[in-house]
Amino acid sequence: MAEQDGIFKIKGTLGGVTFYKTRDGYLAREKGGVSKKRIASDPAFKRTRENGQEFGTAARYGKHLRNAIRYLLQHSADNRVVSRLHKELMHILKTDEVNSRGLRTPLNGELRLLNGFEFNSRGLLTTTLFAPFESVLDRTSGTLSVTLPDIIPSQMIKAPEGTTHFKIVSAAAELDFIEGASVLTTDSTSEIAYDENLLPGVTLNTDVTAASTLPLMQVLGVEFYQQINGSFYMLNNGAFNALAIINIEKP
């Protein structure tokens, strides 16, 4: 390893030498490592190839899942949701007892372990909504619902400072992890005043294909708003909105 010295600092590879920047300054080292061709064919790297294939499988599953609910994730996800979801899917993939190493998938593992996954670490559903709720997933009829009891918003929902109103949102998705062509339906309340008045029980209904042969997922969330001159604006661009998986089921 050598330190770059001169007026112009270089980043990249030149003449077999890699130039890069660190917190200690601009450094240089000779390019090395195992070639891509050898990793792809050498029996000694069989485990590496298997790990890489499963890493890619989990990444693809995560992408399809996020795409299925992208409409909600626009304002209810943190900037590490991709890596956090991938980590969970890698863990689930390893519970696959059907396929051999390299071919394992989350779908053949314990997919239900995604229940409770929070998409926004800055606004967790478990520390935002304290009211008990009941979720129902009827695969035969294709109906899904979430029911909350009567609540006093200021007592049962923890809202960020500046909140004047909130919404409770729910969604159901058919997850096609192979083709990626998932289907999403949503339901939500209108903007509800965040105060000490009693809010009657709420039921949110969503529908998917009856007798679907795809995995089904149900999510629940809370969005926060501020009312200004009669218009509603999402508070802090949704930074503290909560969204979590409350039900996921394989066919």
Side-chain angles (χ1 to χ4, degrees), residues 34 36-73 76-121 124-126 135-144 146 170-185 206-221 243-251:
V34 182
K36 183 177 180 180
K37 182 178 180 180
R38 182 182 174 191
I39 292 175
S41 59
D42 193 331
F45 291 94
K46 180 182 178 181
R47 286 288 179 262
T48 301
R49 291 193 294 273
E50 291 171 349
N51 292 338
Q53 188 166 341
E54 292 188 344
F55 186 93
T57 296
R60 185 175 69 254
Y61 271 63
K63 178 181 178 181
H64 291 334
L65 189 153
R66 296 192 314 275
N67 284 343
I69 58 171
R70 185 167 297 279
Y71 167 74
L72 294 174
L73 289 183
S76 301
D78 61 52
N79 57 9
R80 295 188 63 250
V81 67
V82 174
S83 60
R84 292 193 300 105
L85 180 58
H86 184 267
K87 180 179 178 180
E88 292 300 318
L89 288 168
M90 282 295 293
H91 173 66
I92 292 170
L93 177 149
K94 293 175 183 177
T95 65
D96 177 358
E97 298 180 350
V98 177
N99 299 299
S100 57
R101 280 181 60 110
L103 300 176
R104 294 178 294 184
T105 71
L107 188 56
N108 285 297
E110 297 292 337
L111 194 62
R112 59 182 176 80
L113 294 177
L114 273 180
N115 274 328
F117 181 81
E118 301 270 6
F119 292 97
N120 188 4
S121 60
L124 304 176
L125 185 66
T126 52
S135 63
V136 175
L137 189 161
D138 188 330
R139 181 178 292 273
T140 302
S141 65
T143 59
L144 298 88
V146 182
S170 180
E174 293 179 74
L175 300 170
D176 189 339
F177 288 117
I178 306 303
E179 300 296 333
S182 301
V183 176
L184 176 73
T185 58
T206 47
D207 298 298
V208 295
T209 305
S212 173
T213 58
L214 294 172
L216 302 180
M217 180 177 70
Q218 196 174 17
V219 299
L220 180 66
L243 186 71
I245 297 174
I246 60 170
N247 220 340
I248 189 163
E249 180 186 278
K250 297 195 297 185

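- Residue I92 comes nearest to P106 through the heavy atom pair CG2-O, 3.6 Å, listed as atom of the first residue, atom of the second, then distance.
- To the nearest 0.5 angstrom, F177 atom CZ is 7.0 Å from L89 atom CG.
- Taken to the nearest 0.5 Å, the CD atom of Q53 stands 5.5 Å off from the CG atom of L103.
- Checked by atom type and distance alone, the side chain of E54 pairs as donor or acceptor with a backbone atom of G102 at under 3.5 Å.
- Evaluation of the salt bridge (charged side-chain N to carboxylate O under 4.0 Å, His left out) rule for D138 yields no partner, not counting sequence neighbours.
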Requested in this report: Please test F119 against L72 for side-chain contact (heavy atoms from CB on, under 4.5 Å), starting from the C-alpha separation and ending with a verdict.
Outcome: CA-CA 10 Å; F119 292 97; L72 294 174; over 6 Å; no

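- The number of heavy-atom neighbours closer than 6.0 Å to NZ of K250, taken from other residues, nucleotides and ligands shown, is above 12.
- If you take CD on E110 and NE2 on H91, they are separated by 9.5 Å, rounding to the nearest 0.5 Å.
- Residues D207 and T185 bring no donor and acceptor atom of their side chains to less than 3.5 Å of each other.
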**Report entry** Residue pair V208, L214: steps toward the side-chain contact (heavy atoms from CB on, under 4.5 Å) verdict
**Finding:** CA-CA 10 Å; V208 295; L214 294 172; over 6 Å; no

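- With E118 contributing its side chain and T126 its backbone, the two residues share a donor-acceptor pair below 3.5 Å.
- Taking 4.5 Å as the limit, every side-chain heavy atom of S135 sits out of range of all side-chain heavy atoms of L220.
- Proximity of a side-chain donor or acceptor of T105 to a complementary backbone N or O of N108 within less than 3.5 Å is detected.
- No more than 12 heavy atoms of other residues, nucleotides or ligands lie within 6.0 Å of CZ in R80, so this atom counts as exposed by the packing criterion.
- Taking every heavy atom of both residues into account, V146 and S170 meet most closely at CG2-OG, 3.6 Å.
- Within the 3.5 Å criterion, the main-chain N or O of S212 finds a donor-acceptor partner in the side chain of R139.
- Residues L73 and R66 come closest through the heavy atom pair CD1-O, 3.7 Å.
- Rounded to the nearest 0.5 Å, atoms CD (E179) and NE2 (H64) are 8.0 Å apart.
- Nearest heavy-atom pair, L93 versus A58, reported as atom, atom and distance to 0.1 Å: CD1-N, 4.4 Å.
- When every heavy atom of I248 is checked against every heavy atom of L175, the shortest pair comes out as CD1-CD1, 4.1 Å.
- Side chain of S182 to backbone of E174: a donor-acceptor contact under 3.5 angstrom is found.
- Partners of F55 by ring-ring contact (aromatic ring centres under 6.0 Å, His included), not counting sequence neighbours, listed by chain and number: H86.
- Annotation: the span from N247 atom CG to M217 atom CE amounts to 10.5 Å, rounded to 0.5 Å.
- Closest of all the heavy-atom pairs between R84 and D78 is NH2-OD2, 2.8 Å.
- Using a 4.5 Å heavy-atom cutoff, the side chains of N51 and R101 are in contact.
- Rounding to the nearest 0.5 angstrom, the gap separating the CG atom in L114 from the OH atom in Y61 is 11.5 Å.
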